[in-house]
Amino acid sequence: MRNFGTVLVYGFGVEGKSTTNFLDTKNVQYDIHDDANNIYRNEKDLSEYDTIFCSPGINRSDFTPEVQKKCTSQTELFLSLVPVSERHKLIGVTGTKGKTTTTTLLRDALRTAGKKADYAGNIGVPVFDALKALSELDYLILELSSFQLQHLKWSPEI
């Protein structure tokens, strides 16, 4: 596990809570900032953090270029943690409309074909919650919003 330095979890909805649960298992200290729920457990200016985990609905272009460079996401960390031997199992679904329908349809079609398949991502199941189950699956379909894709270093193979 890499050293994140000072960490801020920006957005404390379903994915933000999952991120803090994951960071807790790795003994990583963090602060929390959530405009929607008026949660401000951060004493620093955003530029003072080394790593900022942004929830999917956070538009990084609202930040200064300095802060944008420090932003990452649960999706980005998840993809970096998936072993190379498991990456062929990942299917990414993105687009303007129909992501949830397509993701659900793919999962159901794969299950009907006798495959062990599930979904995660912007569909309401945080990707960290699917990390442990990945080794038991044939496929994991990831619903990905445009904000989740902006700064990824690599993407699912399919």
Side-chain angles (χ1 to χ4, degrees), residues 1-2 4 7-26 28 30-39 41 49 51-63 67-68 70-158:
M1 188 71 177
R2 74 180 211 219
F4 295 108
V7 175
L8 177 67
V9 176
Y10 199 109
F12 200 58
V14 173
E15 187 169 302
K17 290 173 183 164
S18 175
T19 299
T20 59
N21 290 340
F22 179 81
L23 294 172
D24 286 343
T25 67
K26 304 299 180 190
V28 174
Y30 53 84
D31 290 335
I32 299 170
H33 182 98
D34 186 294
D35 291 324
N37 296 306
N38 295 318
I39 300 171
R41 287 187 269 176
Y49 288 95
T51 305
I52 302 171
F53 284 94
C54 292
S55 292
I58 305 298
N59 187 349
R60 298 178 190 191
S61 63
D62 292 341
F63 299 140
V67 171
Q68 287 180 31
K70 298 173 182 202
C71 289
T72 188
S73 67
Q74 185 180 100
T75 303
E76 186 172 359
L77 181 58
F78 169 81
L79 290 171
S80 74
L81 294 172
V82 172
V84 173
S85 62
E86 302 282 309
R87 290 184 182 173
H88 68 281
K89 298 178 177 185
L90 301 179
I91 300 172
V93 176
T94 190
T96 305
K97 300 281 185 194
K99 291 183 294 296
T100 299
T101 301
T102 303
T103 300
T104 303
L105 182 64
L106 278 170
R107 184 205 56 189
D108 293 350
L110 288 165
R111 285 180 174 178
T112 299
K115 302 294 182 185
K116 293 179 187 171
D118 212 342
Y119 56 57
N122 208 43
I123 197 163
V125 179
V127 292
F128 284 158
D129 295 359
L131 188 59
K132 289 181 183 177
L134 184 60
S135 63
E136 299 169 15
L137 295 173
D138 295 313
Y139 295 99
L140 178 63
I141 302 105
L142 301 175
E143 180 180 317
L144 303 167
S145 74
S146 59
F147 293 137
Q148 290 171 301
L149 296 172
Q150 276 181 318
H151 303 281
L152 293 181
K153 295 183 179 41
W154 70 276
S155 65
E157 289 192 18
I158 301 170

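Remember, it's a predicted structure, so these values are computed and weren't measured experimentally. Values reported hereafter were calculated over all heavy atoms of this structure, with side chains retained and with hydrogens, waters and symmetry mates removed.
By the 4.5 Å heavy-atom criterion applied to side chains, Leu106 and Val93 are counted as neighbours. With a 4.5 Å cut-off on side-chain heavy atoms, Thr102 and Ile141 do not count as touching. Two residues are said to be in side-chain contact when any heavy atoms from C-beta on lie closer than 4.5 Å; Ile91 and Leu110 meet this criterion. Using a 4.5 Å heavy-atom cutoff, the side chains of Phe4 and Thr72 are not in contact. For the pair Thr75/Asn122, no side-chain contact is recorded, criterion being any heavy-atom separation below 4.5 Å from C-beta on. Residues Leu79 and Leu142 meet the side-chain proximity criterion, which asks for heavy atoms closer than 4.5 Å. Residues Asp31 and His33 fail the side-chain proximity criterion, which asks for heavy atoms closer than 4.5 Å.
Going from atom CG of Leu8 over to atom CZ of Phe53 covers 10.5 Å, rounded to the nearest 0.5 Å. Rounded to the nearest 0.5 Å, atoms OH (Tyr139) and CD1 (Ile158) are 5.5 Å apart. The CD1 atom of Ile123 sits 11.0 Å away from the CG atom of Leu144 when rounded to the nearest 0.5 Å. Here CD of Glu86 is found 12.5 Å from CG of Leu81. Values are rounded to the nearest 0.5 Å.
In this structure, a donor-acceptor pair under 3.5 Å is present between the side chains of Glu143 and Thr100.
A donor-acceptor pair under 3.5 Å is formed between the side chain of Ser73 and the backbone N or O of Glu76. A donor-acceptor contact shorter than 3.5 Å is absent between the side chain of Ser18 and the backbone of Pro126. With Lys89 contributing its side chain and Leu137 its backbone, the two residues share a donor-acceptor pair below 3.5 Å. Judged purely by atom type and a 3.5 angstrom limit, Thr19 uses its side chain to pair as donor or acceptor with the backbone of Glu15. With Asp138 contributing its side chain and Ala117 its backbone, the two residues share no donor-acceptor pair below 3.5 Å.
Under the 30°/60° scheme for interplanar angles, the aromatic rings of Phe22 and Phe128 are found to lie parallel.
Shortest non-hydrogen contact noted between Gly11 and Ser55 is O-OG, 3.2 Å. Nearest heavy-atom pair, Lys116 versus Glu136, reported as atom, atom and distance to 0.1 Å: CD-O, 3.3 Å. Scanning all heavy atoms of the two residues, the minimum distance from Leu140 to Ala130 falls at CD2-CB, 4.0 Å. Closest approach of Tyr49 to Lys70, counting heavy atoms only: O-CD, 2.8 Å.
Every residue meeting the side-chain contact (heavy atoms from CB on, under 4.5 Å) condition with Glu157, not counting sequence neighbours, appears here in chain and number order: Arg87, His88.
For Lys17 and Phe12, the positive end sits near the middle of the six-membered ring, less than 6.0 Å away and at most 45° from its axis.
Under 4.0 Å is where a charged nitrogen must lie from a carboxylate oxygen, and between Asp34 and Arg41 no such pair does.
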